[in-house]
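Here the structure is a predicted model, which is why all the values come from computation and not from measurement.
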Amino acid sequence: MTEAVAENTQGGARLLIVGPPGAGKGTQAVFIAQSLGIPAVSTGDIFRDNIKNETPLGLKVKEITSTGAYVPDELTNEIVADRLSQADAENGFLLDGYPRTTGQVAFLDEWLAARGTQLDAVVQLTADTEHVVERLLKRAADQGRADDTEEVIRHRLDVYAEQTAPLIDVFSQRGLLVTVDGLGTIDEVAERIHEGLEARGIRRPGIAVA
């Protein structure tokens, strides 16, 4: 789609990052957002901050999660919209952990369209399953997380693949995907991401157009 690859002339960018557990998504989200001068917005962090500060939204989330239930789309959408309405996200953001459902995708589309904007790209980190399992087992051992067995880790990866597949299809059909190998050093992976984004006209401040 032409709109998906248009030159980013206004600065900033509205991005998503997706990737399996153990692919370094959280680390890359912060790293890339800093280099682009936009906030990294993690829904997990938002939930934790609201719960910690006992905000009205946080109290709702705590009541739901304390029973083991999932936070419904409506509440998740409300929390994300509130965060994206803050001044630092006016010119862009990098969302991590949202959207997770096609309903959340539809809400984000409508929310952005109401403000005359849209998503610029979706960074998809990929990683060989066996490498990820090995990495997560090592991390579990280092952190003393005995519950993170190989069986549990493989189940988490299967759940991620199942839940994410419909979203990846949506973004792929729109021509928004920037697929990057997530294995390597932080700098190596970050450079791959930037190369993919730069091919779409999304450049780091101070990087001249070739």
**Student:** Please check this pair: side chain of Arg135 against backbone of Gly22, looking for a donor-acceptor N/O pair closer than 3.5 Å.
**Tutor:**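 Yes.
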
**Student:** Any ion pair linking Arg174 and Asp109 (charged N to carboxylate O, less than 4.0 Å)?
**Tutor:**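 Salt bridge present between Asp109 and Arg174.
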
**Student:** Please say which of Glu90, Gln86, Arg83 ends up in a side-chain contact (heavy atoms from CB on, under 4.5 Å) with Pro39.
**Tutor:** Arg83

**Student:** Starting from Val80, can I reach Ile51 by hopping between I/L/V/M/F/W/Y residues whose side chains sit under 4.5 Å apart?
**Tutor:**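 In one cluster with Ile51: Val80, yes.
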
**Student:** Less than 4.0 angstrom from a charged side-chain N to a carboxylate O is my criterion; do Arg48 and Asp45 meet it?
**Tutor:**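 A salt bridge links Arg48 with Asp45.
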
**Student:** Do Asn77 and Tyr98 have side chains that approach each other closer than 4.5 Å (heavy atoms only, starting at C-beta)?
**Tutor:**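 The answer is yes; the side chains approach within 4.5 Å.
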
**Student:** Do the side-chain N and O atoms of Thr101 and Asp73 include a donor-acceptor pair separated by under 3.5 angstrom?
**Tutor:**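 There is such a pair between these side chains.
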
**Student:** Could you pull out all residues at least two apart from Gln143 that satisfy side-chain contact (heavy atoms from CB on, under 4.5 Å)?
**Tutor:** Arg139, Arg145

**Student:** Give the table of side-chain donor-acceptor pairs shorter than 3.5 Å for residues 157-164, with sequence neighbours excluded, one pair per line with atom names and distance.
**Tutor:**
| residue | atom | partner | partner atom | Å |
| --- | --- | --- | --- | --- |
| Tyr160 | OH | Gly19 | N | 3.1 |
| Thr164 | OG1 | Tyr160 | O | 2.7 |

**Student:** What pair of heavy atoms forms the shortest contact from Pro21 to Leu136, and how long is it?
**Tutor:** O-CD1, 3.8 Å

**Student:** Is it true that Asp148 and Lys138 have a side-chain N and a carboxylate O under 4.0 angstrom from each other?
**Tutor:**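 No, no charged N to carboxylate O under 4.0 Å.
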
**Student:** Would you please name every residue forming a side-chain contact (heavy atoms from CB on, under 4.5 Å) with Leu167, sequence neighbours left out?
**Tutor:**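 Testing Leu167 for side-chain contact (heavy atoms from CB on, under 4.5 Å), a comparison that skips the adjacent residues, returns Thr102, Val105, Phe171.
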
**Student:** Using modelled atom types and a 3.5 Å cut-off, is there a donor and acceptor pairing between side-chain atoms of Asp82 and backbone atoms of Glu78?
**Tutor:** no

**Student:** Any heavy-atom pair between the side chains of Leu75 and Leu57 that's under 4.5 Å?
**Tutor:**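 Result yes, sub-4.5 Å side-chain heavy-atom pair found.
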
**Student:** With rounding to the nearest 0.5 angstrom, report the OG1 to NZ distance, Thr65 to Lys60.
**Tutor:** 14.0 Å

**Student:** Starting at CG of Leu59, measure out to CD1 of Ile64 and round the result to the nearest 0.5 Å.
**Tutor:**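 Here the interatomic distance stands at 11.0 Å.
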
**Student:** Any donor and acceptor pair, going by atom type alone, linking the side chain of Thr117 with main-chain N or O of Leu112 inside 3.5 Å?
**Tutor:**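 Confirmed, Thr117 side chain pairs with Leu112 backbone.
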
**Student:** Within a radius of less than 6.0 Å around CZ of Arg100, do more than 12 heavy atoms belonging to other residues, nucleotides or ligands occur?
**Tutor:** no

**Student:** Between Leu119 and Leu176, is any pair of side-chain heavy atoms under 4.5 Å apart?
**Tutor:** yes

**Student:** So, for Leu197 and Ala121, which heavy atoms are closest and what is the spacing to 0.1 Å?
**Tutor:** CD2-CB, 3.9 Å

**Student:** Salt bridge check: are Arg154 and Glu130 linked by an N-O gap of less than 4.0 Å?
**Tutor:** yes

**Student:** Check for me, please, whether Leu94 and Val189 land in the same ILVMFWY cluster - side-chain distances under 4.5 Å, paths through other members count.
**Tutor:**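 As far as the 4.5 Å side-chain criterion goes, Val189 and Leu94 are connected within one cluster.
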
**Student:** Report the distance from atom CD1 of Ile17 to atom OG1 of Thr27, rounding to the nearest 0.5 Å.
**Tutor:** 9.5 Å

**Student:** Taking all atoms of both residues into account, what is the closest heavy-atom pair of Pro99 and Leu16, and its distance?
**Tutor:**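 That would be CD-CD1, 3.5 Å.
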
**Student:** Can you list the steps and then say if Thr55 with Asn50 is a side chain to side chain donor-acceptor pair (under 3.5 Å)?
**Tutor:** CA-CA 5 Å; Thr55 67; Asn50 275 274; 2.6 Å; yes

**Student:** I'd like to check the side-chain contact (heavy atoms from CB on, under 4.5 Å) partners of Thr185; sequence neighbours left out, ordered by chain and number.
**Tutor:** Asp187, Glu188

**Student:** Identify each donor-acceptor pair in which a side-chain atom of residues 28-35 lies under 3.5 Å from a protein atom, sequence neighbours left out, and give them as a table.
**Tutor:**
| residue | atom | partner | partner atom | Å |
| --- | --- | --- | --- | --- |
| Gln28 | NE2 | Ile186 | O | 3.0 |
| Ser35 | OG | Ile32 | O | 2.8 |
| Ser35 | OG | His194 | NE2 | 2.8 |

**Student:** Ala81: what forms a side-chain contact (heavy atoms from CB on, under 4.5 Å) with it, not counting sequence neighbours?
**Tutor:** Phe107, Trp111

**Student:** For the CD atom on Glu74, are there more than 12 heavy atoms of other groups (residues, nucleotides or ligands in this structure) within a distance under 6.0 Å?
**Tutor:** no

**Student:** Quick one: CD on Gln124 to CD1 on Ile193, what's the gap to the nearest 0.5 Å?
**Tutor:** 11.5 Å

**Student:** Assess whether a salt bridge exists between Lys62 and Glu54, defined as any Lys/Arg side-chain N lying under 4.0 Å from an Asp/Glu carboxylate O.
**Tutor:**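 Salt bridge: no.
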
**Student:** With the 4.5 Å side-chain cut-off for hydrophobic clustering, are Val71 and Leu95 part of the same group?
**Tutor:**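 They do share one cluster, since a chain of ILVMFWY contacts under 4.5 Å joins Val71 to Leu95.
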
**Student:** Would a distance-only check, ignoring hydrogens and angles, find a side-chain to backbone donor-acceptor pair under 3.5 Å from Arg192 to Asp181?
**Tutor:** yes

**Student:** If you measure from OG on Ser172 to CG on Leu177, what distance do you get to the nearest 0.5 Å?
**Tutor:** 5.0 Å

**Student:** Is it true that Phe47 and Val18 fall in one hydrophobic cluster, defined by side-chain heavy atoms closer than 4.5 Å?
**Tutor:** yes

**Student:** Give the minimum heavy-atom separation between Thr149 and Leu137, together with the two atoms involved.
**Tutor:** C-CD2, 4.0 Å

**Student:** Taking all non-hydrogen atoms of both residues into account, name the closest pair between Ile38 and Leu15 and its distance.
**Tutor:**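 In this case the closest contact between Ile38 and Leu15 is CD1-CD1, 4.3 Å.
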
**Student:** Grouping I, L, V, M, F, W and Y whenever their side-chain heavy atoms are under 4.5 Å apart, do Val178 and Leu36 come out in a common cluster?
**Tutor:** yes

**Student:** Do NZ/NE/NH1/NH2 and the carboxylate oxygens of Arg200 and Asp120 come within less than 4.0 Å?
**Tutor:** no

